[in-house]
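Small disclaimer: the values here were computed from a predicted structure and weren't measured. Counting convention: from 1, in listed order, for ligands and their atoms alike.
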Amino acid sequence: MKKAWWKESVVYQIYPRSFCDSNGDGIGDLKGITGKLDYLQKLGINVIWMSPVYKSPNDDNGYDIADYQAIMDEFGTMEDFDELLLEAHQRGIRIVMDLVVNHTSDEHAWFMESRSSKDNDKRDYYIWRDAKDGKEPNNWGSCFSGSAWEWDETTRMYYLHCFSKKQPDLNWDNPEVRDKVFEMMTWWCEKGIDGFRMDVISMISKPAGLPDAPIAEGALYADCMVTCNGPHVHEYLQEMNRRVLSKYDIMTVGETAGVTIEEAKKYANSDGTELNMVFQFEHVGLDGGLADKWKKDKISLPALKENLTKWQKELADVAWNSIFFCNHDQPRVVSRLGDDSPVSAKCIATMLHMMQGTPYVYQGEELGMTNCPFGPIENYRDIESINAYHELTEAGLRQPEELLECIAYKSRDNARTPMQWDDSENAGFSTGKPWIMVNPNYREINVEKELADEDSVFYFYQKLISLRRRSQWSDVIVYGDYELLLPEDEAVFAYTRKLGEQKLLVLCNLSDKDVTVALPEGAAGEVKAILITNTAEAPELAEKVKMTKWQCAVYEV
Ligand code: TEU
Ligand code: CA
């Protein structure tokens with residue numbers, strides 16, 4: 001398998017609004033990030049992916065861009081960005097930008113011009129349609145509730161927005177749009193950034209004729225993901241690769257909502273004609289995907305093992321996996337898969353970080369930060385949660401109290417509470433009033449406390465990262481073959497990694513019960529080393545292996 005720096009990396013995702021506030025306005029900013037680079041270097045990561053920092057009215061917290069080549073006022077200046085890039089590079093840390101080009105903000109100059117008249121030269125930068133029988137042009141829903149079409153009185157036509165009405169979709173079928181996007185990407189690459197995470201890149205090519213789509217039981221509109229993996233998506237990404245990506249030594253990861261294995265083999269093909277890797281969402285959809293997100297179902301472990309194994313096996317040698325459970329759109333994994341305890345956080349991390357693919361650590365995940373008890377809908381800030389609450393309760397489809405419990409469990413805001421630096425007011429995030437509530441458990445879970453505790457989740461992540469990046473097992477962890485063991489076991493996630501003569505055995509009891517498992521013949525063998533474990537003693541590898549709740553261990557056998 002071809003080696004590459006982005007295959008051997010560990011990426012840390014920063015949501016700048018909630019990471020560190022340097023000027024006391026309650027909003028995180030670029031200088032705040034620069035001030036924490038030493039902390040990230042200590043963690044051992046070598047790539048930072050920052051959620052969008054471009055000029056934006058923040059209808060969707062920066063995923064609605066009004067100027068791709070200017071920095072959001074609240075986050076600072078372009079000089080602050082240049083300083084961050086330089087300081088990161090001096091520490092051997094690369095910076096990957098969040099590229100949001102499926103849509104812009106409705107305050108972007110392109111859209112202001114496009115909506116001004118039917119015949120201006122930017123009209124076809126976006127997707128405008130006449131009303132059909134006096135209504136929206138089709139039955140598609142926005143991911144943020146309501147129709148995906150917004151009526152515009154000026155030219156008396158609808159425009160498409162798969163997300164909020166302040167996020168009009170760009171028309172990628174228009175070659176001028178592609179030219180403008182590729183020019184902007186080149187401008188950022190010339191500044192020396194190290195790659196792009198591409199927001200909903202699987203949605204840029206809409207199905208021909210924008211046809212109606214099936215409406216699921218209990219839904220008001222067709223699922224907003226109807227536009228995924230459209231007719232020209234690979235053609236446009238190959239053009240992007242030829243005209244921009246192939247010219248730089250950068251890392252690219254597509255956020256490919258709705259991606260299947262077959263599609264992923266194209267998006268992340270190892271011939272390098274499109275992207276390096278993609279985020280797939282099947283595993284984080286096992287407790288209710290986008291269409292039926294607002295549930296409190298737990299993820300079944302056999303289903304999780306089957307799904308992650310499918311992606312490990314199917315992409316091996318032909319593409320490359322991203323490995324994650326946390327990001328700014330997902331609830332905290334220690335609350336979703338674990339029981340909020342540090343030992344469960346370490347077990348989940350081991351299960352993920354010993355797999356093949358590039359691991360992504362989301363800010364606070366390395367501390368074991370948990371979901372937040374927001375309480376009333378007024379404490380939420382995320383447009384997705386707020387719109388869903390109002391749409392579903394006002395349509396009488398859901399009762400407020402039970403829906404609020406589901407929102408508490410799955411809301412994106414669980415990932416967006418301020419990073420917990422210490423036990424001072426506002427967890428050391430800001431000297432002002434934070435834009436969103438601080439998780440009340442910040443006195444127990446914070447960086448300062450964990451740096452002083454050698455058994456903390458922080459040092460466990462630090463060790464997982466150093467095993468992958470700087471150990472005698474780095475190659476087998478990054479490039480070794482994956483094989484699942486005990487597929488039917490309801491509690492233990494066990495697998496091996498093999499490369500040449502080196503073989504690792506990974507055992508994770510992802511349950512709150514003590515268990516005993518019988519390893520298959522030949523799976524164990526003589527223990528040459530114990531790489532990591534989250535308890536005082538790793539389980540003894542005998543005929544039957546006794547594991548305490550949430551216990552994990554990695555052996556060289
Ligand atoms: O998210 C795309 C996406 O599919 C979201 O609908 C997300 O999966 C969902 O909210 C999870 O329940 C990207 C960004 O990551 C997200 O923050 C933006 O809101 C969205 O695109 C629009 O830019
Ligand atoms: Ca600030």
Side-chain angles (χ1 to χ4, degrees), residues 13 15-35 49 51-54 56 58-65 71-77 80 98-105 141-145 148 161-164 166-170 197-204 223-228 253-259 279-282 284-285 287-295 324 326-331 336 360 362 381-388 406-407 409-416 418 426 429-435:
Q13 183 195 352
Y15 194 69
R17 196 173 184 80
S18 306
F19 190 66
C20 182
D21 168 23
S22 71
N23 64 347
D25 65 355
I27 298 171
D29 45 54
L30 295 178
K31 279 193 175 309
I33 297 171
T34 302
W49 151 32
S51 279
V53 297
Y54 321 95
S56 165
N58 286 301
D59 192 53
D60 184 17
N61 287 352
Y63 283 90
D64 48 322
I65 296 169
I71 298 299
M72 185 189 303
D73 297 341
E74 295 89 329
F75 288 172
T77 65
D80 296 337
D98 205 320
L99 183 76
V100 187
V101 288
N102 171 69
H103 48 272
T104 69
S105 164
S142 153
C143 289
F144 296 156
S145 304
H161 61 85
C162 289
F163 293 93
S164 91
K166 285 182 67 63
Q167 292 172 290
D169 282 56
L170 280 167
R197 174 266 188 186
M198 299 187 191
D199 191 62
V200 285
I201 202 69
S202 54
M203 295 171 73
I204 60 174
D223 185 341
C224 58
M225 291 294 159
V226 287
T227 64
C228 294
V253 51
E255 186 212 25
T256 45
V259 71
F279 290 131
Q280 62 91 11
F281 293 89
E282 290 181 349
V284 291
D287 51 5
L290 254 183
D292 58 349
K293 168 169 181 167
W294 309 111
K295 303 174 10 179
F324 76 99
C326 288
N327 64 34
H328 64 292
D329 292 332
Q330 300 295 332
R336 187 180 197 176
Y360 288 72
Y362 177 68
R381 295 289 176 272
D382 177 17
I383 186 169
E384 180 191 46
S385 302
I386 294 166
N387 285 5
C406 298
I407 290 175
Y409 183 60
K410 295 290 279 295
S411 173
R412 305 191 301 181
D413 274 338
N414 282 304
R416 302 176 180 188
N426 299 324
F429 161 74
S430 171
T431 55
K433 179 171 172 23
W435 68 279

A.B. asks: Arg197 versus ligand 1: do any nitrogen or oxygen atoms come within less than 3.5 Å of each other?
C.D. replies: yes
A.B. asks: Are the charged groups of Asp80 and Lys31 less than 4.0 angstrom apart, N to O?
C.D. replies: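 A salt bridge links Asp80 with Lys31.
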A.B. asks: Side-chain contact test, heavy atoms from C-beta onward, threshold under 4.5 Å: evaluate it for Phe163 versus Glu384 and give yes or no.
C.D. replies: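 SC-SC contact between Phe163 and Glu384 ruled out.
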A.B. asks: Among all protein heavy atoms, pick out the one at the shortest distance from atom 19 (O) of ligand 1; state its residue, atom name and that distance to 0.1 Å.
C.D. replies: Asp60 OD2, 2.6 Å
A.B. asks: Numbering the atoms of ligand 1 from 1, which are under 4.0 Å from a heavy atom of Lys293?
C.D. replies: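 Under 4.0 Å from Lys293, ligand 1 has these atoms: 11 (C), 12 (O).
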A.B. asks: Just by distance, with hydrogens left out, do Ser164 and Asp60 show a side-chain donor and acceptor under 3.5 Å apart?
C.D. replies: no
A.B. asks: Name the closest protein heavy atom to atom 10 (O) of ligand 1, giving the residue it belongs to and the distance to 0.1 Å.
C.D. replies: Glu384 OE2, 3.0 Å
A.B. asks: Is there an N/O/S atom in Ser430 that lies less than 3.0 Å from the Ca ion (ligand 2)?
C.D. replies: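 Under 3.0 Å: Ser430 has no N, O or S contact with the Ca ion (ligand 2).
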A.B. asks: Establish, from distance only, whether the side-chain atoms of Asn58 and Glu74 form a donor-acceptor pair under 3.5 Å.
C.D. replies: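 Short answer, yes.
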A.B. asks: Under a 3.5 Å threshold, yes or no: a donor from one side chain and an acceptor from the other, between Arg336 and Gln330?
C.D. replies: yes
A.B. asks: Give the single entry among Asn61, Ile383, Asp329 that approaches atom 16 (C) of ligand 1 most closely by any heavy atom.
C.D. replies: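 Ranked by closest heavy atom to atom 16 (C) of ligand 1, first place is Asp329.
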A.B. asks: Any idea which protein heavy atom is nearest atom 21 (O) of ligand 1, and the distance to it?
C.D. replies: Asp199 OD1, 3.0 Å
A.B. asks: For the Ca ion (ligand 2), which N, O or S atom of Asp29 is at the shortest distance?
C.D. replies: OD2
A.B. asks: Where the Ca ion (ligand 2) is the centre, what is the OD1-to-O angle for Asp25 and Ile27, rounded to 10°?
C.D. replies: 80°
A.B. asks: So if I count the atoms of ligand 1 from 1 in the order they appear, which ones are less than 4.0 Å from some heavy atom of Val200?
C.D. replies: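 Matching atoms, with element in brackets: 2 (C), 21 (O).
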A.B. asks: Would you say Arg416 contacts ligand 1, with heavy atoms under 4.0 Å as the rule?
C.D. replies: yes
A.B. asks: If you measure from atom 3 (C) of ligand 1 to every heavy atom of His328, Met198, Glu255, which option wins on shortest distance?
C.D. replies: Glu255
A.B. asks: Looking at Arg412 and Asp382, is there a salt bridge between them, counting it only when a charged N and a carboxylate O are closer than 4.0 Å?
C.D. replies: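 Yes, Asp382 and Arg412 are salt-bridged.
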A.B. asks: Could you walk me through whether Ser430 and Asp21 pass the side chain to side chain donor-acceptor pair (under 3.5 Å) test, one step at a time?
C.D. replies: CA-CA 5 Å; Ser430 171; Asp21 168 23; 2.6 Å; yes
A.B. asks: What heavy-atom pair brings Pro16 and Ile33 nearest, and what distance separates the two atoms?
C.D. replies: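 Pro16 and Ile33 have their closest heavy atoms at CB-CD1, 4.1 Å.
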A.B. asks: Near His103, which atoms of ligand 1 are under 4.0 Å from a heavy atom of that residue?
C.D. replies: 22 (C), 23 (O)
A.B. asks: When you look for heavy atoms under 4.0 Å from ligand 1, do you find them on the side chain of Phe144, its backbone, both, or neither?
C.D. replies: side chain
A.B. asks: Which single N/O/S atom of Asp21 lies at minimum distance from the Ca ion (ligand 2)?
C.D. replies: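 Looking at Asp21, the N, O or S atom with the least distance to the Ca ion (ligand 2) is OD1.
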A.B. asks: Test of understanding: given a 4.0 Å heavy-atom threshold, classify the contact between Met225 and ligand 1 as side chain, backbone, both, or neither.
C.D. replies: side chain
A.B. asks: Measure the acute angle between the ring planes of Trp435 and Tyr15, then classify it against the limits of 30° and 60° as parallel, tilted or perpendicular.
C.D. replies: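 Geometry flag for Tyr15 against Trp435: tilted rings.
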A.B. asks: Can you tell whether the side chains of Lys293 and Asp329 come within less than 4.0 Å, N to carboxylate O?
C.D. replies: no
A.B. asks: Apply side-chain contact (heavy atoms from CB on, under 4.5 Å) to His328 and Tyr63, showing your working.
C.D. replies: CA-CA 12 Å; His328 64 292; Tyr63 283 90; 3.0 Å; yes
A.B. asks: Is Phe281 near ligand 1, meaning one of its heavy atoms is under 4.0 Å from it?
C.D. replies: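 Phe281 does not count as a contact of ligand 1 under the 4.0 Å cut-off.
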A.B. asks: Which residue holds the protein heavy atom closest to atom 20 (C) of ligand 1, what is that atom called, and what is the gap in Å?
C.D. replies: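 Looking only at protein heavy atoms, the one closest to atom 20 (C) of ligand 1 is Phe163 CE2, 3.8 Å.
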